[in-house]
Number of protein chains: 2
Amino acid sequence: MTDAATPKSKLELNDFLCFALHSTALAIGRANKPMLDKIGLTYSQYLVMVVLWAEDNRTVSSIGDKLFLESNTLTPLLKRLEALGYVRRSRDTADERQVRISLTEQGRALREKACAAHPDWIDRAFGGDMAAVQELKDRVIAIRDRLKTAEG
Amino acid sequence: MTDAATPKSKLELNDFLCFALHSTALAIGRANKPMLDKIGLTYSQYLVMVVLWAEDNRTVSSIGDKLFLESNTLTPLLKRLEALGYVRRSRDTADERQVRISLTEQGRALREKACAAHPDWIDRAFGGDMAAVQELKDRVIAIRDRLKTAEG
DNA sequence: AGCGATTTAATCGCTCACGATCTATTTGTT
DNA sequence: AACAAATAGATCGTGAGCGATTAAATCGCT
């Protein structure tokens, strides 16, 4: 199980790729930690905020569609964001099954803090080659979406 | 926060890549679930077994080095693998600070089951282009290792 | 040999991912 | 109008991941 080893079978290749993506996802989480500590959010909370900064007043499941998560994960997380004062949770008056998540003034303001706290790991890892970042992102997403459509 | 959108700043690019890796790691975990259910392990437990199949009788921290995890995560996980009968945990007689993790007969036998339960998602996602898988793995690992060396 | 520093695991508390289940609301059918 | 089916969230239990702390063994220095 050395990174440099050449896998002999598809099973091993699967193992290696799983391992690579797993450990890299963890490493990126850690790389973002200094920034997240500055703004006082966890990684997942931050991703929810990114989704809301892009489009406010979403339903829980709309956020879930973006992040590939469901209410069992999101509900407690959103309650924590509410407790922190960054979002409001309120039942949709037209359809009370839905809960609308909207940014508070503080929640909107946090975006500026996040910009200021700017993580630098992308530069460290890519030496400024933003095209390479973009390409990697596209490839990774391509895998995810092929898994998504083919699952079941 | 649409995947196809073109990010305008480094912060946004960071957000997109984090998001891509995060959601893809989750998707791969889900893609492996059918195989993991067959052999009765979680994803992390499986990765630990992969490490042990490659080299038996490791210390906790040696496993941690491979998986980028520490004893706070591994100790409970290894206790669960022990309870399942796949590994033994015993203090190293020469240095009692260390705990040696060794495979049981059942633990070794599980490898055959894992081979038989073979996940098919790699084929689905790559259409048999194993060279592409290898290349992606290498790129992903390159990021991780640059983060690892540059952190702090 | 003695004692402080280091190393290795274990423990605790919190957050998150997720399967399974439950409740409340809405929709569709008759 | 009444009632079954579908939908949106919430809840619960388990297994991670991780920061902080603790306990025990070993190492290093005098």
Side-chain angles (χ1 to χ4, degrees), chain A residues 18 21-34 36-37 40-49 58-65 67-84 87 89-101 151-152, chain B residues 18-19 21-34 36-37 40-49 58-84 87 89-101 151-152:
Chain A
C18 288
L21 275 150
H22 188 68
S23 58
T24 304
L26 294 182
I28 290 186
R30 288 167 195 150
N32 276 309
K33 257 231 100 198
L36 294 170
D37 283 346
L41 292 183
T42 66
Y43 193 23
S44 298
Q45 286 166 1
Y46 176 71
L47 292 177
V48 168
M49 292 302 288
R58 287 173 173 280
T59 63
V60 173
S61 51
S62 149
I63 296 172
D65 288 345
L67 297 178
F68 300 85
L69 294 171
E70 291 166 51
S71 69
N72 51 5
T73 300
L74 286 173
T75 296
L77 192 158
L78 289 167
K79 284 185 175 177
R80 284 188 273 271
L81 284 177
E82 186 181 40
L84 289 168
V87 307
R89 298 165 57 254
S90 52
R91 291 277 164 187
D92 189 306
T93 48
D95 181 346
E96 293 204 358
R97 286 173 305 184
Q98 300 183 99
V99 170
R100 291 278 163 187
I101 310 297
E151 82 193 355
Chain B
C18 288
F19 171 72
L21 275 151
H22 189 68
S23 57
T24 303
L26 293 183
I28 290 186
R30 288 167 195 151
N32 277 308
K33 256 229 102 197
L36 294 170
D37 283 346
L41 292 182
T42 67
Y43 193 28
S44 299
Q45 288 166 359
Y46 175 71
L47 292 178
V48 168
M49 292 302 288
R58 287 172 172 281
T59 64
V60 173
S61 52
S62 149
I63 296 171
D65 287 345
K66 285 290 171 194
L67 297 178
F68 299 84
L69 294 171
E70 290 165 53
S71 69
N72 51 6
T73 300
L74 286 173
T75 295
L77 192 157
L78 290 167
K79 284 185 175 177
R80 279 176 212 118
L81 284 177
E82 186 181 39
L84 290 168
V87 306
R89 298 165 58 252
S90 52
R91 290 276 165 187
D92 187 306
T93 48
D95 182 346
E96 294 204 358
R97 286 173 305 185
Q98 301 183 107
V99 170
R100 292 277 164 188
I101 309 297
E151 83 193 354

Of the listed D/dG9, C/dA10, D/dG19, the closest approach to the A/Thr59 side chain comes from D/dG9
Student check: side-chain heavy atoms of B/Leu77 and B/Ser44 closer than 4.5 Å
yes
In whole angstrom, what separates A/Leu36's CG from D/dC18's P?
13 Å
What is the distance from CD of B/Gln98 to P of C/dA9, rounded to the nearest Å?
5 Å
At under 4.0 Å between heavy atoms, what does A/Arg100 touch on the DNA or RNA strands: base, sugar-phosphate, or nothing?
nothing
Are any of the side-chain heavy atoms of A/Thr59 and A/Asp92 separated by less than 4.5 Å?
no
Give a yes/no answer on whether the side chain of A/Arg97 brings an N or O atom under 4.0 Å of OP1 or OP2 in C/dT23.
no
When you measure from the side chain of B/Thr73 to the backbone of B/Leu69, do you find a donor-acceptor pair of N or O atoms at a distance under 3.5 Å?
no
Over how many whole Å does the gap from B/Leu77 atom CG to C/dA17 atom P extend?
18 Å
hbond_proxy B/Asn72 side chain to D/dG17 base (donor-acceptor, 3.5 Å cutoff)
no
Mind calculating the distance between CG (A/Asp95) and C1' (D/dA8) to the nearest angstrom?
8 Å
Steps toward salt bridge (charged side-chain N to carboxylate O under 4.0 Å, His left out) verdict (B/Arg89, B/Glu82)
CA-CA 7 Å; B/Arg89 298 165 58 252; B/Glu82 186 181 39; 3.2 Å; yes
Does C/dT11 have its OP1 or OP2 closer than 4.0 Å to a side-chain nitrogen or oxygen of B/Lys79?
yes
Shortest non-hydrogen separation from B/Tyr43 to B/Asn32 and the atoms involved
CE1-ND2, 4.0 Å
Nearest-angstrom distance from the residue atom CD of B/Glu70 to C1' of C/dT7
13 Å
When you measure from the side-chain N and O atoms of A/His22 to the phosphate of D/dA16, is any distance below 4.0 Å, counting only OP1 and OP2?
no
For C/dC16 and A/Gln45 - does any side-chain N or O of the residue sit under 4.0 Å from the phosphate oxygens OP1/OP2?
yes
Within the structure, does a side-chain N or O atom of B/Arg89 lie under 4.0 Å from either OP1 or OP2 of C/dA9?
no
Result for 5'-nearest mapping on DNA chain C, choosing between A/Tyr43 and A/Asp92, is A/Tyr43
So, is B/Thr75 near the phosphate of C/dA10, with a side-chain N or O under 4.0 Å from OP1 or OP2?
yes
Base, sugar-phosphate alone, or nothing: which one does A/Thr73 contact when heavy atoms must sit under 4.0 Å apart?
base
So, do A/Ile101 and A/Leu78 sit near enough that their side-chain heavy atoms are less than 4.5 Å apart?
yes
OP1 or OP2 of D/dG17 less than 4.0 angstrom from a side-chain nitrogen or oxygen of B/Ser44, does that happen here?
yes
Below the 4.0 Å mark, does C/dT11 have OP1 or OP2 next to a side-chain nitrogen or oxygen of B/Ser71?
no
Taking any heavy-atom pair under 4.0 Å as a contact, classify B/Leu26: base, sugar-phosphate, or nothing.
sugar-phosphate
Please give, in whole Å, the distance from C/dC18 P to A/Phe68 CZ?
12 Å
Have a look at A/Ala25 and say if it touches a base, only the backbone sugar-phosphate, or nothing, with a 4.0 Å heavy-atom cut-off.
nothing
Describe the nucleic acid contact of B/Leu69 in one word from base, sugar-phosphate, nothing, applying a heavy-atom distance below 4.0 Å.
sugar-phosphate
Figure out the CG/P separation between A/Leu78 and D/dA8, and round it to whole Å.
16 Å
Distance below 4.0 Å between B/Arg80 side-chain N/O and D/dA16 OP1 or OP2:
yes
Could you tell me if the ring centre of A/His22 sits under 6.0 Å from that of B/Phe68?
no
Counting Watson-Crick and G-U wobble pairs only, both distances under 3.5 Å, name the nucleotide matched with C/dA9, or none.
D/dT22
By nearest-nucleotide position on DNA chain D, the 5'-leaning member of A/Val99 and A/Gly29 is A/Val99
Between D/dT14 (C1') and B/Leu41 (CG): distance, integer Å:
15 Å
